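Chain letters run A, B, ... following the sequence lines, proteins first and then strands; every chain starts at 1. None of the values given here were measured: they were computed from a predicted structure.
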Amino acid sequence: MSHYEFGAYNPAAIEKKWQKIWEDNNTFEPSKDYSKPKFYGLIEFPYPSGNGLHVGHPRSNTAMDIICRKRRMEGYNVLFPIGWDAFGLPTENFAIKNKIHPEIVTKKNIERFKKQLKMLGFSFTWSSEVSTTDPEYYHWTQWIFLQLYKAGLAYKAEMPINWCTSCKVGLANEEVVNGVCERCGGEVIRKVKSQWMLKITEYAQKLIDGLDTVDFIEKVKTQERNWIGRSTGAEVDFKIKGTDDNIRVYTTRPDTLFGATYMVISPEHKYIDKYKDQITNFDEVAAYRDAASKKSEFERTELAKDKTGVELKGIVAINPVNGKEIPVWTSDYVLSSYGTGAIMAVPAHDDRDFEFAKKFNIPIIQVVGGCDIKDAAFTDINSGTMINSGFLDGLTVAEAKKKIIEYLEEKGIGTGKVNFKLRDWVFSRQRYWGEPIPIVICPKCGYVPLEEKDLPLLLPMIDNYVQTDSGESPLVNVPEWVNTKCPCCGGPAKRETDTMPQWAGSSWYFIRYTDPKNDKALASQEAMKYWLPVDWYNGGMEHTTLHLLYSRFWHKFLYDIGVVPCPEPYQKRTSHGMILGENGEKMSKSRGNVVNPDDIVSEIGADAFRLYEMFMGAFDQPIPWSTDGARGCYRFLERVYKLMKFVTDEKEISKEHEKGVNITIKKVTEDYEKMKYNTAIAAMMSLVNEFYSSNSLSKGDLAALLKLLYPVCPHITEEMWQLVELPGAVHEQKWPVCDESKTVPSEVEIAIQILGKIKARINVPASLDRNQLSEYVLTNETVKELIGDKTVRKVIAVPGSLVNIIV
RNA sequence: GCCGAUGUGGCGGAAUUGGCAGACGCACCGCACUCAAAAUGCGGCGAGAAAUCGUACCGGUUCGAGUCCGGUCAUCGGCACCA
């Protein structure tokens, strides 16, 4: 039928051909004309691991490639950059094990990743490529650290690290498995070390408020808000009997103060040592404190486990509102890092306190009435009124909270207080493969920041990057690097040997992308003003509370000091689900269920691979891989390719398919924007099935399909466009627009329900409104028969859908 | 444990957000083509003989619930030094 010549679908040849054409013509290079409307699409830059590309990477990449290719067809100037988050632990560990320098390992891994990404045909802005490990890049990571330091947001504090007692090295949390060292099985303890910290808590409120100004999916906002954990309550002082000292507690329920029957301080609380002599069972308390130091916070706060604790015998506290003497305990469920490290316990109205009180036979006093506290604490703050609470009696919880805070402030024994769960960011690593912290430690001047002109502070090339026995970074073994002059007094001084965590480089990379070669600043004001903020950032849910929050913090800080032009880095944030192995478990070497993208592409090609990754299921849900499913997508592309057999010369959309084509344009356009790629592809499959049932389609019909499919499968669509001699190239076309008038049918089938059960289906004119439909249906013979001699009480009509008759 | 999600055929999933449950695909079965097989095309495919019953489980709201409410169970992501 067709006069077009074409052979069998050969993805390998087609994909190579078009990738070369795009590259040779710089097809996807954004314009420098900053007057055009812009779109900045971003995916999380990969960590170039030694395992090569994971099938999970292309899921996010393809999704954003689809949006970016569509945006170009809509007339936008598009930035879609790629880079490498290349500092980090796995590379360093690999380097140590195999005695290859991390820099060489990193270079090799990046090359492999690059080749793999190029084979998949993403329309990346390769000219913007950056790597966090390049000195020209980390120059500015260090520069940002200096600004944070100057603003008082970087400081030193004593913080615990995981310490393997047998390897004598600091361990990452991931390297601690079931409380022992992953490598040697040795005991892991928490060892305190002086470390650099960043004051993210100072930005807690701004980070919450900013969420109201951006378009993030709701679950991301919720999780960030909960992680920051703002609560309003009060700090209250409880006098230690017979002393001038107070134990200050933070509570979110000051309204229940009359119900406080004991106090708990964290095992690390300073009063334990201060009152050593008064505490008659100090040995027991000290033993408990040692045991607690071996547990992680995670273990300590688990509600399921049995509560443990020791009473501090010999000291008692006084409840400031009623003067009652109450015992003081220490227990590991109270953390020194949250609030004041001490709590007042109200067992009647807090689950953990209730359990603790039951176990240790401490009195329970109910202070919110109208509930039963025999078996469990009553914690609902929206019902009940105060009892046993003196001047608060009869008030609701909310009223009581307000009144007690006024009372505490008036008497000077407490204040209203906002608290956050968010903690400051531990910014030091005792590792080699990270950005050196640009600080000099001078015996005379203390911590002295490097001058900006001396950046970047290069990471020295060394042979031995194993941590030292003292737990210091391997950099301490490089005297020619460590020993330096103080930038302030010129005297002998030493460099900070800790390095930055991997999160540093990833906290601002999207800024560098806008102007990656700039050697005067992070990026030019002009480039940042045009490209920022990122219009759409897609990434994994697992990055919500760390990477996403850290980068928002840095960006807000840079905004406050006038470096970046907008207060939020990302306008929109979406999230993809993880791809699991064929057995439904997480892909991992040890499980033997890893799928290699190279194998899939060599079998079915990049287009079918991309198509499958978008079709396999809901984009935001985790999903198991199926190689059979991927092959099905290849078959679909073969069917598309063979459509050229039936294509006629008619340039317009054919009468026969105008409804199908227009419905598909509408569905695909809407679904791409909502990232509902699976249903968009299903709609295109239905259209292709329709073309096959009629064995005929016009060139216009095919052109519409090719434009819709192009963002997912760019190679095959470009090729077919050329083979059937359509003018230009697909990527140069305008995005198709649905002609709504062609999608409305004249008749629709609706369901007839009697008492909510479906009894029949009939065809009715599509134009009927609610009332007309009720009337129309009741005159229908089939319906009359179904009703019989019963009385019609009510008719509920839903145009286009159903009519429910109540008899 | 805490925070956030999810639960629908043999499998992945769909359902205009309260209105015909199972779109589309995988697997499987049948037919056509073939000497035959593969490939391809076409058709079937929740259970049940049927009435009917079916969206993890128990209960509720509603003319009507996969969707909303209360409770339970299971699975997944995160829990601050993996990235």
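- Put simply, the side chain of A:N226 and the base of B:C3 share no donor and acceptor less than 3.5 Å apart.
- Distance from the side chain of A:Q223 is smallest to B:C3 among B:C3, B:A83, B:G64.
- Look at A:R639 and you'll find a side-chain N or O under 4.0 angstrom from OP1 or OP2 of B:G41.
- At the heavy-atom level, A:I161 lies under 4.0 Å from base atoms of the strands shown.
- Counting non-hydrogen atoms under 4.0 angstrom, A:L422 reaches a base of the nucleic acid.
- The side chain of A:R635 contributes an N or O atom lying less than 4.0 Å from OP1 or OP2 of B:C26.
- An anti base is found at B:G4: its glycosidic angle is more than 90° from 0.
- Between the side chains of A:D498 and A:Q430, at least one donor N or O sits under 3.5 Å from an acceptor N or O.
- When each of B:U40, B:G19, B:A83 is scored by its nearest atom to the side-chain atoms of A:K642, the top-ranked nucleotide is B:U40.
- In this structure, the nucleotide among B:G4, B:A83, B:G25 sitting nearest to the side chain of A:N689 is B:G25.
- Taking every side-chain heavy atom of A:T679 into account, B:A15 is the closest of B:A15, B:A80, B:C26.
- If you take OH of A:Y634 and P of B:G25, they are 18 Å apart, rounded to a whole angstrom.
- Among the nucleotides B:G4, B:U52, B:C76, the one closest to the side chain of A:K759 is B:U52.
- A:K794 comes within contact range of no nucleotide atom at all, as no heavy-atom separation falls under 4.0 Å.
- Across all strands shown, B:A32 forms a Watson-Crick or G-U wobble pair, both distances under 3.5 Å, with B:U40.
- What you find for A:R112 and A:G50 is that their closest heavy atoms are NH1-O, 3.6 Å.
- Within 4.0 Å (heavy atoms only), A:R793 reaches no atom of the nucleic acid at all.
- Residue A:L198 comes nearest to A:F553 through the heavy atom pair CB-CE2, 4.2 Å, listed as atom of the first residue, atom of the second, then distance.
- Between B:C42, B:G77, B:G4, one nucleotide has an atom nearer to the side chain of A:E542 than all others, and that is B:G77.
- If you measure from atom CG of A:L207 to atom C1' of B:A80, you get 15 Å, rounded to the nearest angstrom.
- Contact annotation for A:P90: backbone-only contact, meaning every heavy-atom pair under 4.0 Å involves sugar-phosphate atoms and none involves a base.
- In textbook terms, a nucleotide whose glycosidic angle is within 90° of 0 is syn, and B:U17 is one such case.
- With distances taken from any side-chain atom of A:F615 to the nucleotides B:C53, B:C24, B:C63, the minimum falls on B:C24.
- At a threshold of 4.0 angstrom between heavy atoms, the contacts of A:L802 include nucleobase atoms, whether or not backbone atoms are also involved.
- Contact between A:E158 and A:S194 at its shortest, heavy atoms only, is OE2-CB, 3.6 Å.
- A cation-pi arrangement is present between A:R639 and A:Y692 under the rule of less than 6.0 angstrom and at most 45 degrees off the ring axis.
- Within 3.5 Å, a donor on the side chain of A:Q195 pairs with an acceptor on the base of B:C81, or the reverse.
- Base contact: A:S428 has a heavy atom under 4.0 Å from a base atom.
- Considering only the side chain of A:M578, B:G77 comes nearest among B:C24, B:G64, B:G77.
- Taking atom CE on A:M159 and atom P on B:C81, their separation rounds to 8 Å, with Å as the unit.
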